[in-house]
Structures are given as structure tokens and as C-alpha cells.
Amino acid sequence: MSHWSFLKTDLNEKQDLFIDCRSQAQYQESTLKGAYYFPFVKKAFASDPDSSKKLLGPIEEILALAKKEEKSRILVFDEGMGMFASRLVFLLRCAGFQNAFLIGQRWPVDGAKEKGSKELDCGPASKVRKLEGVIDKAFLEKNLTRLQIFDTRTPEEYDGKLPRLTAPEPGSLCGRLPGAFLWDWRMLYDANGDLVDKTFFNKKLRGFPFMPERTTVIYDYNGARSSLLAMMLKEVGYNDVNVYVGSWFEWRKSNLPKQAANIYGQASAGASAPRVGGVDRKS
């Protein structure tokens, strides 16, 4: 597999702050020695100031912990380089801490284990500050027609058949952002559950009518599945990559334009044509 620089397999208890993004029950049963658990990473956030402060609070706490414990790196893991660990690494990097990495191993990760006992549900930050690479609803509304947009949900969500992948609620609005192209986030992994190599990734990327120099926005349901693709795009030369953290969770509640709109549990009206990239294109 081609090496992704945001993956690390060398663990060092003295220099690394470990963060476990698996479920609370899994964390309490067994985790890496000294690892912390921050439940915020599984929550959805909108674009309003209060939501932004709730997102920023735990990030600031993690950075303060790393400084207090004199850790030079922050290593994050879940079941296997998945969406919640990727989300946290991406957010830490957006906050300016570039020594944040995914552990490039599937659980159980090598290293000393113990029962998890460091659960921190932090309060909000005192003020809002900009995270580089995180955009809000207002930015999208202003620039929608000038952006290249990836939707990293499943085809069923993208086509307006499901409002979200897990526990869809009848009566919820399904659909997608106008002009978005589908890249199912599951396609970022191979059959063994490892990240695809860069050669394969770049080949799929050439199947989209996108340009590395243009502003790129990625979204899903709550901004978690988008983060892995964002880091991969940055590593292969995309210059301006952003995650819409509110994603469909927020957009569906607005009066802003939508495609493939449908109420889950009701008969579907005709869906608009999909925009799916990642296929081989003749040069």
C-alpha cells in the first residue's frame, strides 16, 4: 500500500497522546494505556455560534492536554481508520496542530491495554474562532455555484432514498446539495478494510471533472465521513479542501436549494439525475 502521511503505526507512549473514538462500551472494556475518550466526536454540529463553540471546546481541551502532558503527537484510533477517528484528526489539523495522526492499524492496536477511565465531555469554548478547512452554511450559500462538491454518503442517501445511513426516521427529508458528485466513502477502503493506495485513489479521482486548484467542499450527514476524503485530497495536491461540518444534518432544515428531495417513508417523486464520478475517462 502506498503510504499516507496521516497514518502512523509506530506508537510511543512517552510522546503520544492517544484518543479512542470507538464506542463508550468498547473504550471502557479495553483501550490503549492512557487513552482518552471524547464523546463529542460522534455528535452533529450546525453553523450557528453556539454549535461552533460546542465543537471547539473539546478540541481546545485536547490541545491543552497534549501541552500539559508534554506530548508531541496526538494519535487517534477507532475500529480501523474510520470516520470518527478521521474526523478528529482532521479537526485537530484544522486547529493548527499538524502532528495529529490516525493509527494505521485495525483494532486491536498493538500496545499495552487497560480499561478505559478517562472520559471527558467538555463544555463549549468561550468564543468562536475559525478552523482552517471547516466551512459553514453561509459560505456555501454565498459560493454554491462556484464550488466543486463531493458527497461522501451512500448511493441511497445521495439519491434521496434515505435521510441518513443509520436509524433513518420516517418523515425526515432526504436529498443532497445541488451540484454534488457522489464518492461513497466506503470506496476509500480495499477489501481488507485498509485505505486504498494513492495510485488507485488518483485513478478514481481523475474520473471526476474537478481541478486541484479550485475550492473543494465535502459533506455527508454530519461531517464525519467527509474528513478522510479531505485528508486524502490534500495529500495528493488539492489546494483548497473544506469540510462542511453541518452537512445534510443542517442543510435539510434550511430553505436553501436541494436536489433529489424526498420525505422518507412517503412515495418518491422523480429524482434528479445523479452526478457520479470516479469512472475511467478517456484522455
Side-chain angles (χ1 to χ4, degrees), residues 3-24 26-28 30-45 49-78 81-105 107 109-136 222-224 226-228 230-232 234-235 241-243 245:
H3 179 65
W4 295 99
S5 67
F6 55 81
L7 296 181
K8 293 292 181 185
T9 55
D10 60 311
L11 311 186
N12 187 319
E13 189 177 326
K14 290 185 178 180
Q15 71 172 5
D16 297 334
L17 179 70
F18 299 123
I19 300 179
D20 190 338
C21 292
R22 298 174 303 144
S23 71
Q24 184 180 33
Q26 289 172 314
Y27 169 76
Q28 292 174 345
S30 177
T31 190
L32 284 176
K33 185 178 179 181
Y36 287 86
Y37 178 76
F38 288 83
F40 90 103
V41 77
K42 292 181 168 64
K43 299 177 182 178
F45 297 91
D50 285 343
S51 293
S52 297
K53 290 177 182 178
K54 289 177 182 178
L55 176 65
L56 282 166
I59 295 171
E60 292 179 353
E61 179 65 23
I62 292 169
L63 296 177
L65 267 174
K67 183 176 181 179
K68 178 182 178 182
E69 298 187 7
E70 299 182 334
K71 305 293 188 181
S72 59
R73 303 191 306 183
I74 299 176
L75 297 191
V76 189
F77 64 97
D78 51 25
M81 297 161 279
M83 61 180 175
F84 293 120
S86 299
R87 184 191 203 189
L88 185 48
V89 171
F90 179 75
L91 289 171
L92 289 169
R93 290 185 168 203
C94 290
F97 191 89
Q98 297 306 311
N99 280 340
F101 303 96
L102 280 172
I103 293 182
Q105 303 174 35
W107 185 263
V109 173
D110 297 336
K113 307 290 195 305
E114 65 182 10
K115 291 183 180 296
S117 59
K118 298 181 177 181
E119 302 178 33
L120 297 179
D121 199 356
C122 308
S126 58
K127 60 182 180 179
V128 175
R129 73 178 177 98
K130 170 68 176 172
L131 293 178
E132 191 66 33
V134 175
I135 55 116
D136 59 15
N222 63 3
S226 306
S227 299
L228 178 57
M231 290 192 291
M232 295 170 86
K234 281 177 172 286
E235 193 153 322
V241 181
N242 305 272
V243 166
V245 69

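Numbers here simply count residues along the sequence, with the first being 1.
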| message | side chain to side chain contact (heavy atoms under 4.5 Å, CB included), that's the test. Do Phe40 and Ile62 meet it? Break it down for me. | response | CA-CA 12 Å; Phe40 90 103; Ile62 292 169; 4.2 Å; yes
Does Val76 form a side chain to side chain contact (heavy atoms under 4.5 Å, CB included) with Val41? I'd like the steps, not just the answer. CA-CA 11 Å; Val76 189; Val41 77; over 6 Å; no
- Message: Does Phe90 form a side chain to side chain contact (heavy atoms under 4.5 Å, CB included) with Leu131? I'd like the steps, not just the answer.
- Response: CA-CA 10 Å; Phe90 179 75; Leu131 293 178; over 6 Å; no
#### Entry: From CA spacing to verdict: side chain to side chain contact (heavy atoms under 4.5 Å, CB included), Val243, Met231
CA-CA 10 Å; Val243 166; Met231 290 192 291; over 6 Å; no
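The structure places CG of Leu17 at 9.0 Å from CG of Leu92, a figure rounded to the nearest 0.5 Å. Atoms OG and CG, on Ser86 and Asp78 in that order, are 6.5 Å from each other to the nearest 0.5 Å. Within the model, atoms CG of Leu75 and CG of Asp20 stand 12.5 Å from one another, a figure rounded to the nearest 0.5 Å. Lys8 NZ to Ile74 CD1: the interatomic distance, rounded to the nearest 0.5 Å, is 14.0 Å. Going from atom CG of Asp16 over to atom OG of Ser72 covers 6.5 Å, rounded to the nearest 0.5 Å. Remark: Gln98 CD to Ser5 OG distance equals 10.0 Å, nearest 0.5 Å.
Other residues, nucleotides and ligands contribute over 12 non-hydrogen atoms within 6.0 Å of the NZ atom of Lys42. Counted within 6.0 Å of CD on Glu132, heavy atoms from surrounding residues, nucleotides or ligands total 12 or fewer; the atom is thus considered open. Within 6.0 Å of the NZ atom in Lys113, the count of heavy atoms belonging to other residues, nucleotides or ligands exceeds 12. Within a 6.0 Å sphere centred on NZ of Lys54, heavy atoms belonging to other residues, nucleotides or ligands number 12 at most.
At least one donor-acceptor pair under 3.5 Å links the side chain of Gln105 to the backbone N or O of Asp110. Under the 3.5 Å distance criterion, the side-chain polar atoms of Gln24 are left unmatched by any main-chain donor or acceptor of Pro39. In this structure, the side chain of Lys53 does not engage the main chain of Gly123 through any donor-acceptor pair within 3.5 Å.
Between Leu11 and Arg73, the shortest heavy-atom distance links the atoms CA-NH2, 4.3 Å. Taking every heavy atom of both residues into account, Leu88 and Cys21 meet most closely at CD2-SG, 4.0 Å. Contact between Leu102 and Ala85 at its shortest, heavy atoms only, is CD2-CB, 3.3 Å. Of all heavy-atom pairs between Thr31 and Lys115, the closest is CG2-C, 4.4 Å. The two residues Met232 and Trp4 come nearest to each other via the heavy atoms CE-CZ2, 3.4 Å. Minimum interatomic distance between Met81 and Ile103 (heavy atoms only, all atoms of both residues): CG-O, 3.6 Å.
Applying the salt bridge (Lys or Arg N to Asp or Glu O under 4.0 Å) criterion to Arg93, with sequence neighbours excluded, gives no partner residue.
Residues Asp121 and Lys43 are paired through a salt bridge, judged by an N-O separation under 4.0 Å between the basic side chain and the carboxylate.
Using cut-offs of 30° and 60° for the angle between ring planes, the Tyr36 and Phe38 rings count as tilted.
Across Phe77, Tyr27, Phe84, Phe18, a single residue satisfies ring-ring contact (aromatic ring centres under 6.0 Å, His included) together with Tyr37, and that is Tyr27.
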